[in-house]
Amino acid sequence: MTMVSFVVANYNYAQYLPACLDSALAQDWPGIEVIVVDDGSRDDSRRVIEGYGDRITAIFQQNGGQRVANNTGFAASKGDLIVFLDADDTVEPDFASSVVKVWGPNVSKVQVQLIHMDSAGKRYGAPFPAWNPVPTPADIRRWTLTSSEYPTPPGTGNAYARTFLEKIFPIGPERDSFTDSTTLPLAPLMGDVVSIARPLVYYRRHGSNDSNLTANPALFAREVARAMERQETTTLFADRAGVTAPPADVLRRSWYVLQLRVASLRMAPEGHPLPRDGRVPAMIDAVRNIVLPGSEPLKRRLKLSAWSLATLAAPAPLAKRLVRKRFGA
């Protein structure tokens with residue numbers, strides 16, 4: 001029987017852990033294990049975790065961050081498929097069985113749709129990513145090679161083949177602190193990514209999420225730097241595996257990175273990390289990328305291009321307003 005391992009890295013999420021763990025334990029697939037790595041929590045997490053007894057595997061360690069906690073959890077796991085379940089998220093009872101149904105020997109990752117929920121567990125919004133049509137593994141591999149991006153859910157929305165993760169784990173300290181930064185871009189290059197167009201995960205948004213980029217203008221530069229680091233990691237592991245890596249200039253073809261570049265150049269240009277970048281090169285990319293292959297539909301490309309050009313050309317006060325409007329503040 002195919003085993004699915006849910007690896008939960010927890011840090012001070014005692015209030016959300018019961019819903020998370022209960023959802024993993026309620027799977028309608030018999031072959032599951034739940035591993036909780038408590039990363040030095042200082043709240044009531046230990047009491048919550050110990051309350052589950054031998055229904056879960058509990059590991060307590062000093063705080064080292066998500067990367068270290070997931071390294072520990074993966075090393076302790078036995079599953080053929082691994083889900084890094086965020087401690088504040090929940091999964092539907094048929095998550096594991098749905099993933100197993102489409103999994104095969106050439107699959108590196110199965111991805112599903114998510115629905116947002118707030119801190120109280122109230123669900124809202126449409127399922128995302130909004131796949132229309134549902135991408136094929138070939139689509140996803142092509143988009144990764146041409147633009148470094150493809151429509152993928154974060155964190156819990158992904159189930160990885162153990163055979164894929166064994167090629168890149170443990171993730172070292174020279175890599176990004178978030179596991180996704182290594183696994184998501186590499187999965188299409190080392191196997192097939194299969195998409196299930198059904199919301200099987202509830203993705204919690206709350207005050208502790210690190211998602212408000214406009215709170216500090218320097219965060220845009222940080223995200224550009226992280227994209228550069230992801231690309232470096234992707235190239236390194238692809239070369240080691242003997243598979244084709246994206247070209248060196250692939251980040252300049254990415255619509256997601258373009259938005260971050262524009263915001264960084266207008267909000268805090270002195271800290272912008274991308275070499276030989278500036279407002280004029282970004283304008284050129286905003287026009288050129290409209291006709292390059294990628295996952296974004298033409299209508300959205302035109303909108304992103306118009307926003308990028310307007311923000312790059314606008315006086316500083318207006319440019320900053322456009323950035324704040326685009327990123328939700």
Side-chain angles (χ1 to χ4, degrees), residues 129-130 132 135 138-152 176 180-181 184-186 188-189 211-214 216-236 238-239 244-329:
N132 186 24
D139 290 332
I140 291 172
R141 184 174 297 109
R142 183 175 67 255
W143 293 333
T144 301
L145 288 170
T146 57
S147 67
S148 81
E149 59 190 17
Y150 63 97
T152 178
D176 192 272
D180 279 0
S181 296
L184 292 181
L186 280 167
L189 305 179
S211 57
N212 184 10
L213 295 177
T214 57
N216 179 354
L219 293 180
F220 291 107
R222 181 198 71 178
E223 292 304 303
V224 174
R226 287 184 64 195
M228 295 166 62
E229 188 175 69
R230 286 195 298 272
Q231 181 56 27
E232 178 185 337
T233 298
T234 301
T235 300
L236 174 66
D239 288 346
T244 302
D249 68 341
V250 72
L251 289 184
R252 296 184 180 273
R253 307 178 189 183
S254 164
W255 285 106
Y256 172 68
V257 176
L258 176 63
Q259 295 170 77
L260 296 172
R261 289 166 57 198
V262 170
S264 175
L265 288 166
R266 298 317 315 267
M267 299 292 279
E270 65 283 353
H272 189 63
L274 188 63
R276 298 178 298 281
D277 199 16
R279 289 162 68 179
V280 172
M283 285 181 173
I284 293 172
D285 290 339
V287 175
R288 179 195 65 159
N289 290 357
I290 294 174
V291 298
L292 293 181
S295 61
E296 297 286 3
L298 178 59
K299 185 176 180 180
R300 178 157 172 80
R301 294 185 200 193
L302 293 172
K303 286 183 177 180
L304 292 175
S305 178
W307 174 85
S308 299
L309 293 171
T311 305
L312 290 164
L318 176 57
K320 291 178 179 179
R321 287 200 295 272
L322 289 170
V323 170
R324 292 190 180 100
K325 183 176 181 180
R326 168 65 190 88
F327 287 92

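When all heavy atoms of Pro273 and Ala221 are compared, the closest pair comes out as CG-O, 3.5 Å. For Ala314 against Arg279, the heavy-atom pair with the smallest separation is O-NH2, 4.1 Å. In terms of heavy-atom proximity, Ala245 sits nearest to Asp239 at CB-OD1, 4.4 Å. Smallest separation of non-hydrogen atoms from Thr146 and Pro293: OG1-O, 3.6 Å. Shown here for Trp255 and Ala286, the closest heavy-atom pair between the two residues is CH2-O, 3.6 Å. Considering all non-hydrogen atoms of both residues, Leu265 and Ala282 come closest at CD1-CB, 4.1 Å.
At least one side-chain heavy atom of Phe327 sits less than 4.5 Å from a side-chain heavy atom of Leu260. Counting heavy atoms from C-beta on, the side chains of Leu236 and Glu232 never come closer than 4.5 Å. Contact check for Thr244 versus Leu145: side-chain heavy atoms found under the 4.5 Å cut-off. Side chains of Leu184 and Tyr150 form a contact here, defined as non-hydrogen atoms less than 4.5 Å apart. Two residues are said to be in side-chain contact when any heavy atoms from C-beta on lie closer than 4.5 Å; Pro135 and Arg142 fail this criterion. Counting heavy atoms from C-beta on, the side chains of Met228 and Leu274 come closer than 4.5 Å. Using a 4.5 Å cut-off on side-chain heavy atoms (C-beta onward), Thr234 and Leu189 make contact. Counting heavy atoms from C-beta outward, Pro281 and Arg276 have side chains that stay 4.5 Å or more apart.
Atom CE of Met267 and atom CG of Asn216 lie 9.0 Å apart (nearest 0.5 Å). Between Arg253 atom CZ and Asn289 atom CG the span is 8.5 Å, to the nearest 0.5 Å. Put simply, CG on Asp180 and OG1 on Thr152 are 7.5 Å apart, with the number rounded to the nearest 0.5 Å. Interatomic distance, Ile290 CD1 to Leu298 CG, rounded to the nearest 0.5 Å: 8.0 Å. Separating the CG atom in Asp249 from the CD atom in Gln231 is a distance of 9.5 Å, to the nearest 0.5 Å. Separating the OG atom in Ser308 from the CD atom in Gln259 is a distance of 6.5 Å, to the nearest 0.5 Å.
In this structure, Ser147 contributes its side chain and Trp143 its backbone to a donor-acceptor pair below 3.5 Å. Judged by distance alone, with hydrogens and angles left aside, the side-chain atoms of Arg230 form no donor-acceptor pair with the main-chain N or O of Ser181 at under 3.5 Å.
A salt bridge does not link Glu229 with Arg226: none of the charged nitrogens is closer than 4.0 Å to a carboxylate oxygen.
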Hey, mind stepping through Leu251 and Tyr256 against side-chain contact (heavy atoms from CB on, under 4.5 Å) and telling me if it holds? CA-CA 9 Å; Leu251 289 184; Tyr256 172 68; over 6 Å; no
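Applying side chain to side chain contact (heavy atoms under 4.5 Å, CB included) to Val262 and the options Leu322, Leu309, Leu312 leaves one that passes, Leu312.
Legend: residues meeting salt bridge (Lys or Arg N to Asp or Glu O under 4.0 Å) with Arg266, ordered by chain and number and at least two apart, are absent. Partners of Arg288 according to the salt bridge (Lys or Arg N to Asp or Glu O under 4.0 Å) rule, which considers only residues two or more places apart in sequence or in another chain, are Asp285. Partners of Asp277 under the salt bridge (Lys or Arg N to Asp or Glu O under 4.0 Å) rule, at least two apart in sequence or in another chain, are Arg252, Arg261.
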